Trainee: 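The following block contains the structure, expressed as structure tokens.
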Amino acid sequence: MMKDQNGFVRPSSLAIVLLFSFLMAGTSKTQTESTRSYPKEIRGYKVERTVVEIKKPETKDAASSGDKSRDGNQSAANSAGQVNDQLNSDADVDALIKLGKPQLARVTPLGITFEVPIVVAPVKQSGHIDFLLFEDMVVNGTSVEIDEYHRAFDLPNKEPLTLREPLSFYIYLPRAVLAAVDEWTNSKETWPVTGRIYVFGKFKKKILGISPSFKRCVPVELNVTMRNPFRTN
């Protein structure tokens with residue numbers, strides 16, 4: 001360390017360089033962790049996160065209350081909300097697919113089968129889904145294999161759609177036994193569920209007044225909780 005003419009300690013150039021390098025490394029790590037990369041194409045479908053736009057519930061018009069000041073505040077809030085919506089449009093895609101209340105379908109000495117309803121959020125454009133693909137699915141700390149969901153459906157535009165056939169997944173029992181099956185099944189009221197769902201289909205976009213259909217794959221990051229189906233209360 002060096003002192004300036006006023007007697008204050010001045011850090012050396014090496015210390016400044018090391019500090020700057022440390023801060024840049026931390027920033028780079030944060031940016032890397034927050035940005036997930038996807039393949040450009042899967043099975044002939046181009047991967048695109050922003051091909052769908054989630055339809056959010058409409059808010060009541062403040063003008064109906066007759067309060068002009070509220071109306072002005074509401075307009076400002078709506079403007080701010082539109083900016084936030086635009087900034088968060090990519091993250092909103094993760095709300096496209098949700099899981100409903102799970103049901104215990106079958107228990108055998110070899111494993112446990114669950115059925116979980118699939119709920120699709122309404123979107124602003126039209127689209128037809130061909131199938132769903134699941135990746136890195138983890139339920140209550142246990143990795144699970146889920147078969148592809150090959151039941152085509154149209155995306156809803158007005159209200160959430162619960163698909164006719166629920167999602168079925170199987171947990172190999174010996175793995176649960178190793179993790180203390182009683183603790184695993186009964187201790188928690190809810191189970192964390194993480195993973196990735198690839199939504200394959202054809203989506204329409206308006207281009208110069210025309211709505212051509214594009215073959216796309218939309219990756220949806222899943223990080224939710226679902227009720228423990230073993231808990232009856």
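If you're wondering where the values come from, they're calculated on a predicted model, not measured in any experiment.
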Trainee: Can you give me the closest heavy-atom contact between Ala105 and Glu115, atom names plus distance?
Mentor: CB-CG, 3.8 Å

Trainee: Is any side-chain heavy atom of Phe214 closer than 4.5 Å to a side-chain heavy atom of Val51?
Mentor: no

Trainee: Would you mind reporting whether Ser126 and Phe203 have side-chain heavy atoms less than 4.5 Å apart?
Mentor: no

Trainee: So how far is it from Ile197 CD1 to Tyr149 OH, rounded to the nearest 0.5 Å?
Mentor: 11.5 Å

Trainee: Residues in side-chain hydrogen bond (donor to acceptor under 3.5 Å, both in side chains) with Arg196, at least two apart?
Mentor: Glu135, Asp136, Glu221

Trainee: Can you list the residues that meet the side-chain contact (heavy atoms from CB on, under 4.5 Å) rule with Thr162, with sequence neighbours excluded?
Mentor: Pro117, Val119

Trainee: Work out which heavy atom in Pro156 is nearest to a heavy atom in Ala121; give both atom names and the distance.
Mentor: CG-O, 3.6 Å

Trainee: Rounded to the nearest 0.5 Å, how far apart are CG of Asn140 and CG of Asn228?
Mentor: 7.0 Å

Trainee: Other members of the hydrophobic cluster containing Phe200, with the 4.5 Å side-chain heavy-atom rule, please.
Mentor: Tyr38, Ile42, Tyr45, Val47, Phe131, Leu133, Tyr198

Trainee: Out of curiosity, Leu167 CG to Leu99 CG, how far, rounded to the nearest 0.5 Å?
Mentor: 7.0 Å

Trainee: Measuring only between side-chain heavy atoms, which start at C-beta, is Val120 closer than 4.5 Å to Leu96?
Mentor: yes

Trainee: Would Phe169 and Phe114 count as a close aromatic pair, with their ring centres under 6.0 Å?
Mentor: yes

Trainee: Are Val138 and Val220 connected into the same hydrophobic cluster when the rule is that any two of I, L, V, M, F, W, Y join if their side-chain heavy atoms are below 4.5 Å apart?
Mentor: no

Trainee: I'd like to check the side-chain contact (heavy atoms from CB on, under 4.5 Å) partners of Ala152; sequence neighbours left out, ordered by chain and number.
Mentor: His128

Trainee: Give the intermediate values and the outcome of side chain to side chain contact (heavy atoms under 4.5 Å, CB included) for residues Leu104 and Ile112.
Mentor: CA-CA 8 Å; Leu104 183 62; Ile112 306 170; 3.4 Å; yes

Trainee: By salt bridge (charged side-chain N to carboxylate O under 4.0 Å, His left out), which residues pair with Lys202, not counting sequence neighbours?
Mentor: Asp130

Trainee: If the condition is salt bridge (charged side-chain N to carboxylate O under 4.0 Å, His left out), which residues does Glu165 pass it with, not counting sequence neighbours?
Mentor: Arg151

Trainee: How far does CZ of Arg49 sit from SG of Cys217, to the nearest 0.5 angstrom?
Mentor: 11.0 Å

Trainee: Out of curiosity, Leu155 CG to Ile129 CD1, how far, rounded to the nearest 0.5 Å?
Mentor: 4.0 Å

Trainee: The criterion is side-chain contact (heavy atoms from CB on, under 4.5 Å); which residues satisfy it with Lys46, sequence neighbours excluded?
Mentor: Arg216

Trainee: Once side-chain hydrogen bond (donor to acceptor under 3.5 Å, both in side chains) is applied, do any residues pair with Asp147, and if so which ones, sequence neighbours excluded?
Mentor: none

Trainee: Under the side chain to side chain donor-acceptor pair (under 3.5 Å) rule, what pairs show up with a residue in residues 97-106, not counting sequence neighbours?
Mentor: none

Trainee: For Thr113 versus Ser168, what's the shortest heavy-atom pair and its separation?
Mentor: CG2-OG, 3.6 Å

Trainee: Quick one, Tyr170 and Val144 - any side-chain contact, counting heavy atoms below 4.5 Å?
Mentor: no

Trainee: Kindly say whether Gln125 contributes a backbone atom to a donor-acceptor pair with the side chain of Asn157 at under 3.5 angstrom?
Mentor: yes

Trainee: Find out whether Val193 and Met137 are in side-chain contact, i.e. whether some heavy atom of one side chain is under 4.5 Å from a heavy atom of the other.
Mentor: yes

Trainee: So that I can tick it off, tell me whether Arg43 and Glu148 are bridged by a salt bridge, with the cut-off set at under 4.0 angstrom between side-chain N and carboxylate O.
Mentor: yes

Trainee: In Å and rounded to the nearest 0.5 Å, what is the CG to CD1 distance from Leu132 to Ile97?
Mentor: 5.5 Å

Trainee: Which heavy atom of Val116 sits nearest a heavy atom of Pro102, and at what distance?
Mentor: CG2-CB, 3.8 Å

Trainee: Taking side chain as C-beta onward, heavy atoms only, is Pro122 less than 4.5 Å from Lys158?
Mentor: no

